[in-house]
Amino acid sequence: LCRELGPLLVAFVVTARSATAIATEIGGMVTSHQIESYVSFGVDPIGHLAAPRFLGVTSSVFLLNLYLIQSV
């Protein structure tokens, strides 16, 4: 049962902790017009802000799943 629920629980933990923090940080950047300044300087905000966070969350979910499966 733990092996089957492990990935689901890890996804809930990452969503509750990391995804809300990322959304809050990017939302604050939008309200303070930092995203507009990235665009005005010619920097792609998706490639500079969203892609590293997506890769980090994806790798952390994968590694946490491996750790959870090994510890059971």
Side-chain angles (χ1 to χ4, degrees):
L1 183 65
C2 290
R3 284 186 182 230
E4 293 178 11
L5 285 180
L8 184 64
L9 294 174
V10 167
F12 282 146
V13 168
V14 169
T15 301
R17 175 104 174 132
S18 300
T20 55
I22 291 170
T24 303
E25 183 180 8
I26 292 178
M29 292 177 82
V30 168
T31 58
S32 64
H33 304 289
Q34 292 178 16
I35 304 294
E36 292 174 9
S37 65
Y38 277 126
V39 172
S40 68
F41 282 119
V43 177
D44 181 29
I46 301 294
H48 187 72
L49 296 173
R53 287 171 174 81
F54 177 74
L55 292 175
V57 167
T58 303
S59 63
S60 68
V61 166
F62 178 72
L63 292 174
L64 283 171
N65 279 328
L66 288 179
Y67 178 73
L68 187 67
I69 290 172
Q70 292 297 326
S71 66
V72 173

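Remark: of the listed residues N65, T58, L63, N65 is the sole one forming a side-chain contact (heavy atoms from CB on, under 4.5 Å) with V61.
Clustering ILVMFWY residues whenever any of their side-chain heavy atoms sit less than 4.5 angstrom apart, transitively, puts V43 in the very cluster that holds V30. Hydrophobic clustering (ILVMFWY, side-chain heavy atoms < 4.5 Å, transitive): L9 and L66 are in distinct clusters.
Listed by chain and residue number, I22, E25, I26, L49 satisfy the side chain to side chain contact (heavy atoms under 4.5 Å, CB included) test with R53 (two or more places apart in sequence, or in another chain).
Rounded to the nearest 0.5 angstrom, S60 OG and L55 CG are separated by 10.5 Å. Once rounded to the nearest 0.5 Å, the distance linking CG of L68 with CG of L5 reads 9.5 Å.
Of all heavy-atom pairs between G47 and P52, the closest is O-CD, 3.6 Å. Contact detail for T15 and A19: the closest heavy-atom pair is O-CB, 3.4 Å.
At most 12 heavy atoms of other shown residues, nucleotides or ligands fall within 6.0 angstrom of atom CD1 in I46.
Between the side chain of S59 and the backbone N or O of G56 there is at least one donor-acceptor pair closer than 3.5 Å. Between the side chain of S40 and the backbone N or O of S37 there is at least one donor-acceptor pair closer than 3.5 Å.
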